Visitor: 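Please see the structure below; I have some questions.
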Amino acid sequence: MFDTLSDRLAATFKNLRGKGRLSEADIDATAREIRIALLEADVALPVVRSFIKQVKERAQGAEVSRALNPAQQVIKIVNEELVGILGGETRRLRFAKTPPTVIMLAGLQGAGKTTLAGKLGSWLKGKGHSPLLVACDLQRPNAVNQLAVVAERAGVGVYAPEPGNGTGDPVKVAEDSLGYAREKQYDVVIVDTAGRLGIDEELMRQAADIRDAVSPDEVLFVVDAMIGQDAVTTAEAFRDGVGFDGVVLSKLDGDARGGAALSIAQVTGRQVMFASNGEKLDDFDAFHPDRMASRILGMGDMLSLIEKAEQTFSQQEAEALAGKLAKGPKEFTLDDFLAQMEQVRKMGSLSKLLGMMPGMGQMKDQINNLDEREVDRTAAIIKSMTPAERHDPKLINGSRRARIARGSGVDVSAVKNLVERFFEARKMMSRVAQGGGMPGMPGMPGMGGGAAKKKGKPQKKAKGKRRSGNPMKRQEEERAEAERKASGGQSGGAFGIPGAGADPGDFELPKEFRDILPPKQ
């Protein structure tokens with residue numbers, strides 16, 4: 001959703017690189033480009049004005065003029081101001097001292113409240129709670145049945161005493177659900193209320209009656225992030241008519257411009273608490289303003305990636321794998337490779353995971369064109385091998401490759417390529433585990449590898465360098481030579497990466513990562 005905004009901001013900051021100091025004209029031009037980028041993203045005009053004013057005041061101050069790298073300081077200022085308009089700190093759910101905690105969902109029809117109730121229930125269940133979904137949308141056809149299906153998929157309880165479809169009293173259902181939750185020992189009650197196609201008095205009155213009946217600990221306003229500025233108008237009307245404590249953004253995976261997400265917290269004074277970015281139940285998480293700002297600026301979201309990994313991978317499995325790799329590359333088999341691949345798949349979409357990595361914004365088109373089914377094809381190839389072949393892939397000769405290809409429904413070349421990639425990946429992982437570094441990333445501390453080959457004419461072999469006759473100087477030269485070899489035989493820029501500080505798009509990924517991405521367009 002923020003791709004267009006990210007691209008515009010990246011192009012703006014690229015113009016600042018390499019400047020030793022920023023003039024007032026540079027700051028004005030940068031502020032103008034940022035203003036255009038935000039307005040094109042459909043951010044509310046008052047928010048844009050406030051944002052630009054803060055950025056210009058800080059950029060013209062002492063914090064930039066005295067900085068060693070003014071361009072990076074401007075990016076830092078923009079990042080901090082983005083965090084501010086997105087709500088500042090992460091807002092957590094408030095739980096009742098005496099269960100059950102009551103969470104009421106409100107919003108327009110079509111915003112995705114019913115589906116989001118299931119996602120929130122599944123998320124709370126994963127945190128150790130016992131949620132109950134309450135069907136108080138008795139107006140929309142089949143809304144009660146939909147909630148029951150969503151609750152079953154999420155593995156949580158549902159309270160739906162009325163069939164709905166225009167019959168039943170939603171206020172009484174909400175009241176009775178509290179007694180049912182206490183009786184069945186549910187500690188969180190999620191009330192799904194009815195929506196309308198537009199803001200009207202009946203909608204507001206019914207939502208207010210349910211609120212007064214159950215005294216919710218949290219009232220969450222669910223807003224469709226794709227409806228643009230109307231989302232802010234609707235949120236203001238609900239805030240004044242019913243009142244709410246936090247915002248949930250749904251459909252963040254859409255291709256709309258996303259200005260509502262950047263405007264709603266600043267305009268309403270209520271923070272965004274959750275974000276839904278897909279159709280699956282696990283496409284839902286707490287909203288972190290700092291991480292969202294980092295994604296918008298193309299700096300990735302490593303904290304969310306680490307959290308997903310911690311939820312998926314067990315500590316014991318990770319330690320066992322590290323022990324195998326430390327013993328030597330032969331200990332790591334195709335069975336281990338398959339197990340790791342399936343664990344990564346459990347973390348979610350590969351394209352979304354790659355998008356969380358810093359610098360991957362430059363490869364956006366390749367990531368979007370990534371074929372997720374490639375993982376399934378790879379698993380099919382490995383499962384078509386015998387236990388002996390998985391343990392020692394060197395056994396796989398021409399006839400075995402043909403048999404494996406027939407069993408997995410792929411070409412023989414696909415089997416051959418997989419085995420070759422496995423050997424390369426095994427060598428890389430073993431080297432990293434033993435502290436030798438990652439091949440293809442020369443000069444990086446702890447990740448020294450072979451020097452990158454330059455395209456074009458083959459390089460001539462360098463002649464041997466003469467040693468100094470001075471013993472002290474010769475010892476210094478030998479020490480420098482040893483350090484150069486230990487770092488992969490190549491000096492680098494910042495952080496030891498050759499060319500660091502240049503455009504991130506010029507950085508070349510290791511072959512092991514390039515193999516899973518489609519070629520550049």
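What you see below is based on every heavy atom in this structure, not just the backbone, and it leaves out hydrogens, waters and symmetry mates. Computed from a predicted structure; not experimentally measured.
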Visitor: Does Ile210 form a side chain to side chain contact (heavy atoms under 4.5 Å, CB included) with Met104? I'd like the steps, not just the answer.
Guide: CA-CA 9 Å; Ile210 294 174; Met104 174 179 161; 4.2 Å; yes
Visitor: Under 6.0 Å from the CD atom of Glu175, do we count more than 12 heavy atoms belonging to anything else shown?
Guide: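 Enclosed: over 12 neighbouring heavy atoms sit under 6.0 Å from CD of Glu175.
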Visitor: Under 3.5 Å, is there a donor-acceptor pair between the side chain of Gln54 and the main chain of Phe51?
Guide: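 No, because the side chain of Gln54 does not come within donor-acceptor range (under 3.5 Å) of the backbone of Phe51.
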Visitor: Would you say the side-chain atoms of His391 and Thr333 include a donor-acceptor pair closer than 3.5 Å?
Guide: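 His391 vs Thr333: no donor-acceptor pair found between side chains.
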Visitor: Less than 4.5 Å apart, side chain to side chain, heavy atoms only: is that true for Phe337 and Thr378?
Guide: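 Yes, close enough: below the 4.5 Å cut-off.
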Visitor: Let me confirm one number: the NZ-CD1 distance from Lys383 to Ile404, rounded to the nearest 0.5 Å.
Guide: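 The CD1 atom of Ile404 is 15.0 Å from NZ of Lys383, to the nearest 0.5 Å.
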Visitor: Under 3.5 Å, is there a donor-acceptor pair between the side chain of Asn79 and the main chain of Ile75?
Guide: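 Between the backbone of Ile75 and the side chain of Asn79 there is no qualifying donor-acceptor contact (under 3.5 Å).
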Visitor: Which distance, rounded to the nearest 0.5 Å, do you find between the CZ of Arg153 and the CG of Leu281?
Guide: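 It is 4.5 Å, given to the nearest 0.5 Å.
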Visitor: Can you name the closest pair of heavy atoms from Val156 and Gly121 and give their distance?
Guide: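 Smallest heavy-atom distance, with atoms named: CG1-O, 3.8 Å.
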Visitor: Taking atom CG of Leu334 and atom CE of Met385, what is their separation to the nearest 0.5 Å?
Guide: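 So the CG of Leu334 and the CE of Met385 are separated by 5.0 Å.
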Visitor: Looking only at non-hydrogen atoms, find the nearest pair between Pro131 and Leu124 and report the distance.
Guide: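 So the minimum-distance heavy-atom pair works out to CG-CB, 4.0 Å.
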Visitor: Looking at CD1 of Ile382 and CD of Glu389, how far apart are the two atoms once the value is rounded to the nearest 0.5 Å?
Guide: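 Reported to 0.5 Å precision, the distance equals 12.0 Å.
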Visitor: Does the Ser50 side chain pair with the main chain of Pro46, one donor and one acceptor, at a distance under 3.5 Å?
Guide: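 The answer is no, because no donor-acceptor pair under 3.5 Å joins these two groups.
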Visitor: Supply the atom-to-atom distance Asp290 CG to Thr90 OG1, rounded to the nearest 0.5 angstrom.
Guide: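 Answer for the CG-OG1 pair, Asp290 versus Thr90, is 5.5 Å.
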Visitor: Suppose we call two aromatic rings close when their centres sit under 6.0 Å apart. Are His129 and Phe95 close by that rule?
Guide: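 Yes; Phe95 has its ring centre under 6.0 Å from that of His129.
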Visitor: Are the side chain of Asp283 and the backbone N or O of Lys280 linked by a donor-acceptor pair below 3.5 Å?
Guide: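 Side chain of Asp283 to backbone of Lys280: a pair is present.
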Visitor: Is a donor from one side chain sitting under 3.5 angstrom from an acceptor on the other, for Asp217 and Thr101?
Guide: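 Judged by distance alone, the side chains do not pair up.
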Visitor: Is the shortest side-chain N to carboxylate O distance from Lys113 to Asp192 below 4.0 Å?
Guide: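 Salt bridge flag = no for Asp192 with Lys113.
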Visitor: Heavy-atom distance under 4.5 Å between the side chains of Phe287 and Met273, does that happen here?
Guide: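 A side-chain contact is absent here, since even the closest heavy-atom pair is not under 4.5 Å.
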Visitor: Taking Ser122 for the side chain and Lys119 for the main chain, is one N or O donor matched with an acceptor at less than 3.5 Å?
Guide: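 The answer is no, because no donor-acceptor pair under 3.5 Å joins these two groups.
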Visitor: Considering only NZ, NE, NH1 and NH2 on the basic side and carboxylate oxygens on the acidic side, decide whether Arg140 and Asp137 come within less than 4.0 Å.
Guide: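 Yes, charged N to carboxylate O under 4.0 Å.
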Visitor: Apply the test side chain to side chain contact (heavy atoms under 4.5 Å, CB included) to residues Leu138 and Val144: give CA-CA distance (whole Å), side-chain angles for both, the deciding distance (0.1 Å), then the verdict.
Guide: CA-CA 7 Å; Leu138 306 181; Val144 174; 3.9 Å; yes
Visitor: Do you know the tightest heavy-atom contact between Leu147 and Ala117?
Guide: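 Here Leu147 and Ala117 meet closest at CD1-CB, 4.1 Å.
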Visitor: Side chain to side chain contact (heavy atoms under 4.5 Å, CB included) for Glu81 and Val78? Distances and angles first, verdict last.
Guide: CA-CA 5 Å; Glu81 293 300 323; Val78 172; 5.9 Å; no
Visitor: Side-chain contact test, heavy atoms from C-beta onward, threshold under 4.5 Å: evaluate it for Thr30 versus Lys56 and give yes or no.
Guide: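 Result no, sub-4.5 Å side-chain heavy-atom pair not found.
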Visitor: How are the rings of Tyr159 and Tyr180 set to each other: parallel, tilted or perpendicular (split at 30° and 60°)?
Guide: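 Because their plane-to-plane angle lies in the 30° to 60° range, the rings of Tyr159 and Tyr180 count as tilted.
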Visitor: Could you tell me whether Arg94 and Asp245 make a salt bridge, using a distance below 4.0 angstrom between a side-chain N and a carboxylate O?
Guide: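 Yes.
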Visitor: Do Ile103 and Val189 come within less than 4.5 Å of each other through their side chains, counting heavy atoms only?
Guide: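 No - every pair of side-chain heavy atoms lies 4.5 Å or more apart.
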Visitor: Do NZ/NE/NH1/NH2 and the carboxylate oxygens of Lys172 and Asp176 come within less than 4.0 Å?
Guide: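 Yes, charged N to carboxylate O under 4.0 Å.
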Visitor: Which is it for Leu220 and Val247 under the side chain to side chain contact (heavy atoms under 4.5 Å, CB included) test, yes or no, and what are the steps along the way?
Guide: CA-CA 5 Å; Leu220 303 182; Val247 179; over 6 Å; no
Visitor: Kindly say whether Val171 contributes a backbone atom to a donor-acceptor pair with the side chain of Asp169 at under 3.5 angstrom?
Guide: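 Judged by distance alone, yes, a pair lies under 3.5 Å.
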Visitor: For Glu218, which of Arg211, Arg270, Arg91 qualifies under salt bridge (charged side-chain N to carboxylate O under 4.0 Å, His left out)?
Guide: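 Of the listed residues Arg211, Arg270, Arg91, the salt bridge (charged side-chain N to carboxylate O under 4.0 Å, His left out) partner of Glu218 is Arg91.
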Visitor: Are Gln206 and Thr193 side-chain neighbours, meaning at least one heavy-atom pair lies under 4.5 Å?
Guide: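 No; the side chains remain at least 4.5 Å from each other.
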Visitor: Heavy-atom distance under 4.5 Å between the side chains of Leu120 and Phe274, does that happen here?
Guide: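 Answer yes - side chains close enough.
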Visitor: Identify the two heavy atoms, one from Gly243 and one from Val219, that lie closest to each other, and give their separation to 0.1 Å.
Guide: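 It is O-CG1, 3.5 Å.
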Visitor: To check you understand the geometry: which heavy-atom pair defines the closest contact between Ala235 and Thr268, and what is its length?
Guide: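 That closest heavy-atom pairing would be CB-CG2, 3.8 Å.
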Visitor: Nearest 0.5 Å please: distance from the CG atom of Leu418 over to the OG atom of Ser408.
Guide: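 So the CG of Leu418 and the OG of Ser408 are separated by 9.0 Å.
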Visitor: Does the side chain of Arg58 come within less than 4.5 Å of Glu80's, by heavy atoms?
Guide: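 In short, these two side chains touch, coming nearer than 4.5 Å.
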Visitor: Please report the closest heavy-atom contact between Ala151 and Leu133, naming both atoms and the distance.
Guide: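 Looking at all heavy atoms of both residues, the closest pair is CB-CD1, 3.7 Å.
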Visitor: Kindly say whether Ser130 contributes a backbone atom to a donor-acceptor pair with the side chain of Lys125 at under 3.5 angstrom?
Guide: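 Not a single qualifying donor-acceptor pair exists.
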Visitor: Looking only at atom types and distance, does a side-chain atom of Arg377 sit under 3.5 Å from a main-chain N or O of Val410, one as donor and one as acceptor?
Guide: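 Here the side-chain-to-backbone pair does not exist.
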Visitor: For Phe244 and Phe221, take the angle between the two ring planes, folded into 0 to 90°, and tell me which bin it lands in: parallel under 30, tilted 30 to 60, perpendicular over 60.
Guide: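 Phe244 vs Phe221 ring planes: parallel.
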Visitor: Do Pro100 and Arg182 have side chains that approach each other closer than 4.5 Å (heavy atoms only, starting at C-beta)?
Guide: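 Result yes, sub-4.5 Å side-chain heavy-atom pair found.
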Visitor: So does Ser276 get a backbone contact from the side chain of Ser250, meaning a donor-acceptor N/O pair under 3.5 Å?
Guide: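 Side chain of Ser250 to backbone of Ser276: no pair is present.
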